[in-house]
Amino acid sequence: MSLNKTPALSSLACTVVYWQKQHGRHHLPWQGTQDPYRIWLSEIMLQQTQVATVIGYYERFLSRFPDIATLAQAQQEDVMPYWAGLGYYARARNLHRCAQELATNWDCRFPPTPEQIATLPGIGRSTAAAIAAFAYGTRSAIMDGNVKRVFTRYFGIYGVTSQRETEKLLWDTAQSAVEAAPASLDMAAYTQGLMDLGSQCCIRGRPDCARCPLKANCYAYIHGVQQQLPTPKPRKASPERACKMLVVRSHDRILLEKQVSPGIWGGLWSLPRYDDASEIDAACRNFGQAGAAQKMAGLLHVFSHFKLHIEPWYLQCDTLRVTEAGQGQAWIAIEDLPSTALPAPIRKILDGLFNPHDRALPEFTDAPADTG
DNA sequence: CACGCGTGGCC
DNA sequence: TGGCCAAGCGT
């Protein structure tokens, strides 16, 4: 992919800087300094941790350990209390180790290049670039969750961002954006501006495109696909459950059960539900039709947090009197089903029975298949 | 390289 | 309300 000569690329960095100076954040505790120690400490604390959580920890830590030498001389047991509650405690152990390494090998200073900084414990490519950009003005790109949102949307980069190919494209694009910018670019404002855009405008759920300075050239805004980007990770396999349901028909009516709220399908009407075949048998005997139920084609319904395998059975028993409905049950006329509040899979089952589109008779099967 | 690491916020 | 996510990194 060649983005280098597009207007979208060449105008990006200056637009971000201009916006950051007017609308970005300028009063966070770690801003307004070029001290690599303070910048480093903030970057480590901010890894996978929200700004509001970090602020208090940052100020307490900095009061106790004001510079690299103080931190390097401390015992790890004296450091950890200042991290307790912040999470990801390897960050604190690496921070301490890193300070000692800087004291031993670098005269309590940070190395001059992001490549060298990234060799230190707990500092990866993105954190190293951020430290170098804020402390030295080095033109090296960062890549965090904010930048991923901004760039996937702005450039229309599809693919799960944690996958290698997408990750590489994002890094290459981010570096190209820096290199396409004029030499006078304010790297600190640009780096901060990308993160400010990501946290203030280009948020995940409802991006505030109206206030975004990049919308004129933004792929997602132009094509209306903000909700599709960044490409969401495939969800973990959800637990699966199974149940059987019974369609009991008497003349022109079927038996439905009102679902309680709160609960699955609360307030809707569903079919009587059973856990196993013996309960189906018992129900049929109860209706005076032992062994008369027919197994229908199974289907799979996917909820947000689990999957339900439904095995419907059909029982014709015209001897029943429709006045005999249990608590929470009702005999509903088939002609009234279209106006009845039914969950989608229940409507599908009943549609297949009573409104077969392309076959003369409802279809029964011995081998239920998940056709959901 | 997919995963574990911690806690809080969000819907 | 449980799952997903947040200024990532190390293994």
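Just so it is clear, the model here is predicted, and its values are computed rather than measured. A, B, ... follow the sequence lines: proteins, then strands. Residue 1 opens every chain.
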Below the 4.0 Å mark, does [N] have OP1 or OP2 next to a side-chain nitrogen or oxygen of [X]?
X: A/R149; N: C/dA6; value: yes
X: A/Y89; N: B/dT7; value: yes
X: A/T53; N: C/dA6; value: no

Rounded to the nearest Å, what distance is computed from the [atom1] atom of residue [X] to the [atom2] atom of nucleotide [N]?
X: A/L86; N: C/dG8; atom1: CG; atom2: P; result: 13 Å
X: A/Q163; N: B/dC3; atom1: CD; atom2: P; result: 11 Å
X: A/I44; N: C/dG8; atom1: CD1; atom2: P; result: 11 Å
X: A/I55; N: B/dG9; atom1: CD1; atom2: P; result: 13 Å
X: A/R93; N: C/dG10; atom1: CZ; atom2: C1'; result: 11 Å
X: A/E165; N: B/dC1; atom1: CD; atom2: P; result: 13 Å
X: A/K148; N: C/dC5; atom1: NZ; atom2: C1'; result: 12 Å
X: A/K233; N: B/dC3; atom1: NZ; atom2: P; result: 9 Å

> Looking only at heavy atoms, which two atoms of A/L86 and A/R91 are closest? And how far apart?
Replying inline: O-NH2, 3.3 Å

> Between A/K233 and A/S162, which heavy-atom pair has the shortest distance, and what is it?
Replying inline: CE-OG, 3.8 Å

Sugar-phosphate only, base, or nothing, as touched by [X] at under 4.0 Å among non-hydrogen atoms:
X: A/W83; answer: nothing
X: A/G85; answer: sugar-phosphate
X: A/L28; answer: base
X: A/I142; answer: nothing
X: A/S126; answer: sugar-phosphate
X: A/P121; answer: sugar-phosphate

Between [options], spot the one nearest the side chain of [X], thanks.
X: A/Q47; options: B/dG8, B/dG6, C/dC9; result: C/dC9
X: A/Q48; options: C/dC5, B/dG6, B/dG8; result: B/dG6
X: A/D144; options: C/dG8, B/dG6, C/dA6; result: C/dG8
X: A/R164; options: B/dC5, B/dC1, C/dA6; result: B/dC1

Between [M] and [N], how far apart are the [atom1] atoms? Round to whole Å, please.
N: B/dC3; M: C/dC5; atom1: P; result: 14 Å
N: B/dG8; M: C/dC9; atom1: P; result: 23 Å
N: B/dG4; M: C/dG3; atom1: P; result: 15 Å

>> Tell me which nucleotide, if any, is Watson-Crick or G-U wobble paired with B/dC1 when both distances must be under 3.5 Å.
In response: none

>> Go through it in stages, so that I can follow the logic: the residues are A/M296 and A/L353, the test is side-chain contact (heavy atoms from CB on, under 4.5 Å), and I'd like the CA-CA distance, side-chain angles, deciding distance and then a yes or no.
In response: CA-CA 9 Å; A/M296 301 169 57; A/L353 271 173; 3.6 Å; yes

Does a side-chain N-to-carboxylate-O contact under 4.0 Å join [X] and [Y]?
X: A/K21; Y: A/D186; answer: yes
X: A/K348; Y: A/D351; answer: no
X: A/K168; Y: A/D172; answer: yes

> Of A/A118 and A/P232, whose closest DNA chain C nucleotide lies nearer the 5' terminus?
Replying inline: A/P232

